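Single-structure report; data block below.
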2 protein chains.
Amino acid sequence: MSNMLTRVAEIVSRMTIRDVAREAGVSVGSVSRALNGGKNVSARVARDVAAAAEKLGYQPDLQARSLRTRTTGMVGCLVSDVANPLYASIVQAAEARLRDAGLLMVVANTANDPARERAVVAAFRSRRLDGMLVAPGSDENDRAWRELAAGGAPVVILDRDVPHEEDTPWPAVLVDHREGARTATRYLIGLGHRRIALLTPGARMRPGRERIAGFKAAFAEADVDPAGALVCLQESSMDFAQGDALELLRRDQRPTAIIALGTRILAGALRAARDLGLSIPADLSVIAVGDTDLAAVHSPAITALRWSLEDVGRAAAELLLQRLRGTGEGPSRALLPVDLVLRESCAPPTAK
Amino acid sequence: MSNMLTRVAEIVSRMTIRDVAREAGVSVGSVSRALNGGKNVSARVARDVAAAAEKLGYQPDLQARSLRTRTTGMVGCLVSDVANPLYASIVQAAEARLRDAGLLMVVANTANDPARERAVVAAFRSRRLDGMLVAPGSDENDRAWRELAAGGAPVVILDRDVPHEEDTPWPAVLVDHREGARTATRYLIGLGHRRIALLTPGARMRPGRERIAGFKAAFAEADVDPAGALVCLQESSMDFAQGDALELLRRDQRPTAIIALGTRILAGALRAARDLGLSIPADLSVIAVGDTDLAAVHSPAITALRWSLEDVGRAAAELLLQRLRGTGEGPSRALLPVDLVLRESCAPPTAK
DNA sequence: GGTTAAATTGGAAACGTTTCCACTTTTGCG
DNA sequence: CGCAAAAGTGGAAACGTTTCCAATTTAACC
């Protein structure tokens with residue numbers, strides 16, 4: 001047993017730059033230069049060092065390096081729920097781009113808990129991460145981000161409107177939910193719908209706010225009685241039970257069309273419709289916000305608002321990289337478009 | 001402009017342990033002891049140091065600390081596709097548990113590319129991560145894990161059978177796919193089905209292999225003609241187009257029941273069935289492998305094999321933590337059960 | 001009160017890099 | 001060939017911690 005432990009210990013003892021220096025018969029400084037810049041290094045030294053490093057299987061300790069260089073090569077990603085497909089794809093795309101740039105991504109989810117958010121920010125700061133991608137659980141917890149930015153690390157916000165001082169908005173990647181919602185609503189109004197329900201998480205965050213704005217704008221510009229614009233706020237998609245949708249669809253003046261967010265809310269709405277015997281699209285038109293597997297495969301297939309999650313992640317990574325490099329400013333915000341994917345779930349309302 | 005830069009620089013210059021020492025009027029060593037162990041520290045020093053640290057807003061540089069302590073407080077998580085809901089939930093649960101233990105999680109996805117896997121392992125090693133959770137894209141790329149383990153960091157495998165030397169299997173969290181598939185198949189056979197198709201990613205990985213084994217075992221133990229057991233391998237769930245399912249269901253001896261993995265394959269199968277006018281469950285029984293939103297919300301609701309992704313993540317984190325603490329061995333493997341959730345998508349085959 | 005043991009403390013040596021500085025060596029050029 | 005500039009090199013000082021060690025103070029005991 002202790003035998004095994006010592007064996008492990010032996011294996012663990014890694015080669016250091018000093019070992020390489022000794023092996024190559026040069027100084028530590030030269031090894032460092034040879035391995036990194038390659039600048040001001042003679043061919044002979046470069047060759048010998050490379051050979052020695054290869055022979056010894058030397059791999060630099062990036063942890064130690066970062067102590068000296070004051071840069072860790074890691075960026076944080078703070079998100080409320082990685083398991084949410086909407087976030088997962090963003091995280092994945094961002095990670096891919098960042099890793100191509102040689103950066104590691106640290107991920108932390110906060111379950112929308114402000115205290116956790118602050119704890120994560122503290123952890124990120126203490127670990128001296130180079131930068132950070134954040135999608136806060138609400139727009140108001142800006143103290144945490146301010147604090148983080150005070151540490152000097154660039155922060156890129158994902159689809160949120162975090163309050164900022166003066167005229168220096170946070171770098172951010174935004175999705176044009178307003179225009180998306182407007183398009184969807186206009187489409188339904190055009191089909192003849194007059195009572196439309198918008199089911200989305202509340203106004204605590206930008207996406208909800210923007211959708212509501214676009215939703216109402218469509219009613220206003222079509223000169224339709226705005227009383228038909230039913231905004232149903234959910235605190236979060238988790239809380240949205242089927243029951244809420246049932247209640248909505250049982251009203252005597254029930255909506256003839258529904259615009260429902262994501263997977264869970266949409267699922268609740270669909271199930272409620274099924275339970276009430278409402279057929280889609282004959283009795284109820286449905287538009288999904290966010291193009292998930294569920295929307296695409298459901299029968300009938302659900303018309304959906306789609307935006308590219310990959311683009312969001314990629315753009316965020318790009319923005320962050322640009323800040324990290326510190327090269328000329330460039331744009332600090334990106335606004336990504338939302339498309340309406342027409343499928344089979346919308347039809348004119350049945351006269352009654 | 002340069003004004004602003006200097007301002008930022010000022011903010012960035014962090015308090016070090018030396019500043020605290022000066023402020024408290026004690027030595028650096030005492031500060032360290034006071035802030036960490038608290039052992040062998042007088043009440044006066046403890047008080048003064050705490051006050052000084054508080055006043056200066058001191059936060060230790062974990063990066064520097066880890067150079068000395070040879071432990072980084074970070075663990076890696078290597079997975080082929082974080083955007084896959086099956087992985088996302090696991091990652092989330094593991095992250096939650098690890099963060100509770102004060103560890104940060106670095107995530108990397110490899111898109112099933114062995115070269116990327118090796119690159120990630122190299123990066124993890126160079127950054128001296130304390131441990132690692134891996135779900136390789138195939139069971140064969142074990143060179144990489146072996147190399148990683150040689151670095152001394154514990155590795156926990158997620159639902160894979162990675163070849164191991166001698167009698168020391170890798171610590172792993174496994175899901176009992178074999179028993180799950182057997183249960184599902186037995187259920188279908190019990191309903192009267194004799195031609196059943198199993199749609200799952202290929203045998204390159206444990207889950208597929210185990211499912212196939214369970215599937216065949218059910219046929220064997222029921223003494224049913226094994227020719228009815230149609231195993232349809234997909235290289236990966238991504239490649240599974242609707243077309244493959246169409247082809248399968250158009251055969252003259254088409255299966256009367258399907259067991260389909262996950263979201264994408266299941267979606268393809270469902271869409272194919274719809275396009276062919278096959279109604280579920282009258283013409284075709286369907287069982288989903290993995291209980292996704294799609295299965296739960298589809299109409300009819302799809303009977304599904306379910307296992308707890310959260311449990312997988314949690315168990316993996318627990319296993320890893322136990323290794324990290326190095327306290328008594330404990331079990332090195334966990335096998336998690338799979339349940340069959342009965343819904344509406346299965347019925348006896350129509351006589352014909 | 002004296003002696004020994006225990007507790008506390010300061011100073012310095014790590015940890016593995018990069019980078020600065022002074023010093024050689026090479027190169028370029030008239 | 002001589003001389004200045006450029007290029008290459010070794011040694012040592014950081015980076016911010018923890019931890020070892022020796023020295024001091026305090027506590028404990030007879």
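Treat the numbers as computed from the prediction; the structure is a model and nothing was measured. Letters A, B, ... mirror the listed sequences (proteins, then strands); counts begin at 1.
For the contact set between residues 18-34 of chain A and DNA chain D, defined by any heavy atom under 4.0 Å, the members are A:V26, A:S27, A:S30, A:R33.
With rounding to whole Å, A:R44 atom CZ is found 12 Å from C:dT25 atom P. The distance between atom CG of B:N40 and atom P of D:dA23, rounded to the nearest whole Å, is 18 Å. Protein atom CD1 of B:I17 is 13 Å distant from nucleotide atom C1' of C:dG10, rounded to whole Å. Rounded to whole angstrom, the span from the CZ atom of A:R127 across to the C1' atom of D:dT17 amounts to 14 Å. Here C:dT8 presents its C1' atom at 16 Å from CZ of B:R47, a figure rounded to the nearest Å. Atom CZ in B:R128 sits roughly 17 Å away from atom C1' in D:dT17 (whole-Å rounding). Summarising the geometry, the separation between OH on A:Y58 and C1' on C:dT18 is reported as 10 Å, rounded to the nearest angstrom. B:R14 has its CZ atom 9 Å from the P atom of D:dT17, to the nearest Å.
Between B:D159 and B:R206 the shortest side-chain heavy-atom distance falls below 4.5 Å. Between A:L158 and A:Y87, the closest side-chain pair of non-hydrogen atoms is not below 4.5 Å. When side chains are defined from C-beta on, B:E117 counts as touching B:L78, because their heavy atoms get closer than 4.5 Å. Using a 4.5 Å heavy-atom cutoff, the side chains of B:V106 and B:R127 are not in contact. Within the 4.5 Å cutoff, the side chain of B:V28 has no heavy atoms near those of the B:T16 side chain.
Toward the 5' end of DNA chain C, the nearer of the two residues B:K39 and B:T69, judged by each one's closest nucleotide, is B:K39.
To the nearest 0.5 Å, the span separating CZ on A:R14 from CG on A:D61 amounts to 7.5 Å.
Judged by atom type and distance alone, A:R65 does not reach the base of C:dT17 through any side-chain donor-acceptor pair under 3.5 Å. Side-chain atoms of A:R68 come within donor-acceptor range of the base of C:dT18, with a qualifying N/O pair under 3.5 Å.
A donor and an acceptor atom, one from each side chain of A:S66 and A:T69, are nowhere located under 3.5 Å apart.
For C:dT9, the OP1/OP2 oxygens have a side-chain nitrogen or oxygen of B:S42 closer than 4.0 Å.
Among the protein residues, B:D61 comes within range of the sugar-phosphate backbone only, with heavy atoms under 4.0 Å from sugar or phosphate atoms but none that close to a base.
Among the nucleotides C:dC15, C:dT17, D:dT17, the one closest to any side-chain atom of B:L67 is C:dC15.
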